[in-house]
Every structure is written in structure tokens, then in C-alpha cells.
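Right, one structure below, let's go through it.
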Protein chains: 2
Amino acid sequence: MMSIFGRLVLMSNDAPEASRAVEPELSDDISFLLARANALSLAAGNSALSTHGLRVRSYSVLALAAGRSRTSQRELAEFLRLDPSQVVALVDELQVRGLIRREPDPADRRANVVIATDDGRAVLAVAAASARSAERALHVGLSAAERVQLTELLRRIAFPGVG
Amino acid sequence: MMSIFGRLVLMSNDAPEASRAVEPELSDDISFLLARANALSLAAGNSALSTHGLRVRSYSVLALAAGRSRTSQRELAEFLRLDPSQVVALVDELQVRGLIRREPDPADRRANVVIATDDGRAVLAVAAASARSAERALHVGLSAAERVQLTELLRRIAFPGVG
DNA sequence: TATTGTTATACTCTATAACTATA
DNA sequence: TATAGTTATAGAGTATAACAATA
């Protein structure tokens with residue numbers, strides 16, 4: 001019997017219309033493909049980053065803290081689509097390890113700006129190399145042009161209203 | 001001060017190379033964009049499906065059970081990237097509600113083929129409409145051609161080695 | 001010996017509500 | 001009155017290991 005994976009190929013492009021109209025096909029869903037691609041990406045990313053004592057989420061916080069935007073915890077939460085309370089725990093952990101520090105925002109004493117330390121930047125630099133090579137493995141089947149294309153399309157879904 | 005979101009636009013395409021080389025930029029990461037896009041997609045999907053007493057994962061199982069592939073629990077797990085033990089719980093739940101049934105595979109008595117009941121197909125039909133409209137809202141900014149393009153690119157990441 | 005489904009368990013992630021200090 | 005950060009808690013998702021039935 002043909003497996004469910006085998007059917008993927010048939011359905012992708014040139015299957016006769018009649019065979020697609022019978023029932024909703026999951027494998028045509030952008031949402032489903034997004035979920036599966038993300039699951040693979042997350043697993044590969046966590047695996048690659050574990051060497052450096054990081055996971056995808058802590059790596060993301062560290063990377064943003066190393067940026068030039070003087071990002072507050074609130075902005076971090078919004079950008080990473082995390083609840084502010086989750087950011088507290090992530091920032092705590094990275095701060096204990098001396099990779100980032102909280103700096104009160106002079107303009108708004110409620111807010112903490114999160115900034116990478118020199119140690120943090122050093123860890124980030126090597127971790128980023130691992131992360132990139134894991135990412136490369138993920139879309140090794142895509143050409144450079146296709147990667148750019150995918151990045152742009154994803155950005156418009158991930159950040160609607162920007163650009 | 002420019003927010004981290006504001007910087008997104010600048011970095012997307014034509015930022016001078018010098019400003020990108022300073023540190024790794026999260027917003028250029030396919031992995032990060034995948035995670036954020038998926039988070040939005042998952043939230044929208046779960047919200048849309050909750051009306052029908054489903055979530056994205058149970059909907060996925062139901063949709064595959066309604067397909068013509070006579071899919072085993074093992075195949076379900078592989079396709080949805082879930083552990084077989086998680087599939088047990090999802091199938092249990094849908095079976096209790098009478099939406100699917102387990103049918104022993106005559107060819108391999110270890111395996112259960114999961115099949116949607118008529119009730120299950122009816123629920124799926126209306127739930128699918130909700131799911132599709134939630135998905136549409138997600139990529140409303142994309143043209144039809146871009147949606148096809150994105151689907152194809154995602155498929156190659158989500159199912160490496162197929163096609 | 002290996003695989004399918006199952007049970008059990010622990011850990012991570014997600015979602016909510018409430019509190020404090022500032023605005 | 002609203003917002004930034006924090007604490008606490010519960011529910012959903014993820015990862016592993018072990019076991020019975022069958023291959």
C-alpha cells in the first residue's frame with residue numbers, strides 16, 4: 001500500500017484536480033508545513049546549541065541582548081512572542097551565568113534594558129556558528145536565491161504590518 | 001530610540017553590508033522566522049478550531065484519518081513528528097468522541113489503522129473551513145503565486161528527501 | 001531480534017492571573 | 001488608569017524509557 005509519505009509527491013503539483021477535492025489535504029497547509037518545518041528546525045537548533053549550554057530561546061535572548069537596540073524585556077517578549085513572565089526566567093538564567101545584565105532605563109525607571117556582557121558576546125559568537133551550521137543543514141536543498149525568497153516570505157508572515 | 005521592530009525593515013534587504021556584519025542578526029534567521037510564524041499560526045489555528053472542540057494536533061490526526069491512505073498510528077506519529085505515545089492519547093480522545101476508530105491491520109496485527117467515522121468526517125468538514133479561513137488571515141499579505149511558492153519551499157524543508 | 005502500540009514519568013513550553021513600582 | 005517587571009500556577013507539548021504482543 002502507498003504510504004502517506006508517498007502521497008506527498010503526487011499531491012504537490014500536478015495531481016489532477018479531482019483527486020485533491022475529495023477531502024482537505026494537510027500536506028498542502030502552510031500552517032502544517034510551518035509546524036513540521038519548525039519542529040525540525042527547533043530540534044536541530046537545540047541540539048546544536050546544547051554544546052554551549054544554550055537552547056533556542058536563551059540563544060535568541062542573548063542574540064538580541066548583543067544587538068544595538070537597547071532592548072527592554074518587554075520588547076524582547078514581543079519580538080520573540082513570549083510572555084513577559086517567560087522572559088524574566090530566561091534573563092535570570094543568562095544573568096546568573098554572567099552572559100547578560102539588566103540595566104535600568106533612565107528614561108523609564110520601570111523598564112530594564114537587557115545587554116550582553118563581553119562574556120556573553122564571546123559565547124554568542126561561537127554559539128552562532130553552531131546555530132548557522134545547523135540552519136544550513138536544514139535548508140541544504142535550497143539554492144541561495146530560494147533561501148532569500150523563503151526568508152522574505154516568512155518575514156511577511158512572522159511580522160505582519162512591518163515592511 | 002529606534003525599536004527592535006523598526007530595525008527589521010532596515011535589515012531586510014538593502015542595509016549596507018557593514019551594518020549587518022557586526023553581530024548575528026536574529027531577524028535574518030530562517031529558523032527564527034519559522035518559529036515566530038509558527039507561533040502565530042498555531043495560536044490562530046487553535047483559536048479557530050476551539051469552536052469545534054479541536055486543537056491543531058487533534059485536527060491533524062482527524063484530517064489524516066479521513067484520508068485515503070489507511071494510516072497506522074506509527075505513520076501518523078512520523079508524519080506529524082509526534083512520539084507514538086502522544087498519538088495514543090490523541091487517538092484515544094478522538095475515538096471516545098466517536099470521530100475516529102481503530103481498525104486492526106489484517107496484514108500486521110500489531111498495527112492499528114486509524115479511520116475517521118462519518119461523524120468525524122462531518123466535524124472535519126466544518127472544522128476545515130474554520131482552519132482554512134484562519135490560515136488565510138495569516139498570509140493575507142501574500143499573492144496566490146507567493147503562497148504556492150512558500151508552500152513548495154516549506155515542503156522541501158519539512159520533508160527533506162521527498163520529491 | 002526488531003517493531004507497534006501502550007503506559008509512565010519528567011521536563012519544557014504556553015497561557016493566565018495577580019501583585020509592585022513606576023508612568 | 002495603564003504599563004514594565006515579577007511571581008505563581010496550571011495546562012499543553014516534548015522526550016525517554018520500559019513493557020506486551022506480534023513480526
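Here is the naming used below: chain letters follow the sequence lines, and residue numbers restart at 1 for every chain.
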Taking [atom1] from [X] and [atom2] from [N], how many angstroms apart are they, rounded to a whole number?
{"X": "B/Leu90", "N": "C/dT7", "atom1": "CG", "atom2": "P", "answer": "14 Å"}
{"X": "B/Gln95", "N": "C/dG5", "atom1": "CD", "atom2": "C1'", "answer": "13 Å"}
{"X": "A/Glu93", "N": "C/dC11", "atom1": "CD", "atom2": "C1'", "answer": "14 Å"}
{"X": "A/Asn38", "N": "D/dG13", "atom1": "CG", "atom2": "P", "answer": "14 Å"}
{"X": "B/Glu75", "N": "C/dT4", "atom1": "CD", "atom2": "C1'", "answer": "11 Å"}
{"X": "A/Leu76", "N": "D/dA4", "atom1": "CG", "atom2": "C1'", "answer": "13 Å"}
{"X": "B/Leu49", "N": "D/dA12", "atom1": "CG", "atom2": "P", "answer": "15 Å"}
{"X": "A/Asn112", "N": "D/dT7", "atom1": "CG", "atom2": "P", "answer": "11 Å"}

For residues B/Leu54 and B/Val123, determine if any side-chain heavy atom of one lies less than 4.5 Å from a side-chain heavy atom of the other.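 Result yes, sub-4.5 Å side-chain heavy-atom pair found.
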Of the nucleotides C/dT14, D/dT6, D/dG13, which has the atom closest to the B/Arg57 side chain?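 My answer, after comparing the listed nucleotides, is D/dG13.
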From D/dG13, C/dG5, D/dT6, pick the nucleotide closest to the side chain of B/Arg55?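 Side chain of B/Arg55 sits closest to D/dG13.
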Distance in Å, A/Thr151 OG1 paired with A/His139 NE2, rounded so as to fall on 0.5 Å steps: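 Interatomic distance, A/Thr151 OG1 to A/His139 NE2, rounded to 0.5 Å: 7.0 Å.
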Would you call [X]-[Y] a salt bridge at under 4.0 Å N-O?
{"X": "A/Arg132", "Y": "A/Glu135", "value": "no"}
{"X": "B/Arg110", "Y": "B/Asp105", "value": "no"}
{"X": "A/Glu25", "Y": "B/Arg68", "value": "yes"}

Backbone of B/Gly53 reached by a side-chain donor or acceptor of B/Arg97 within 3.5 Å: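 Looks like yes, one N/O pair under 3.5 Å.
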Under 3.5 Å, is there a donor-acceptor pair linking the side chains of A/Asp83 and A/Ser85?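 The criterion, which ignores hydrogens and geometry beyond distance, is satisfied for A/Ser85 and A/Asp83.
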With a non-hydrogen cut-off below 4.0 angstrom, is A/Arg81 in contact with a base, only sugar-phosphate, or nothing?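 If one applies the 4.0 Å heavy-atom cut-off, A/Arg81 turns out to touch nothing in the nucleic acid.
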Let me spell it out: for each of B/Val91 and B/Asn46, pick the nucleotide of DNA chain C with the closest heavy atom. Which residue's pick is nearer the 5' end?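 Upstream on the strand: B/Val91.
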Is A/Arg102 near enough to D/dT6 that one of its side-chain N or O atoms lies under 4.0 angstrom from OP1 or OP2?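 Looking at the OP1 and OP2 atoms of D/dT6, one of them is under 4.0 Å from a side-chain N or O of A/Arg102.
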In B/S/- notation, 5' to 3', how is nucleotides 16-23 of chain C contacted by protein heavy atoms closer than 4.0 Å? B----BBS
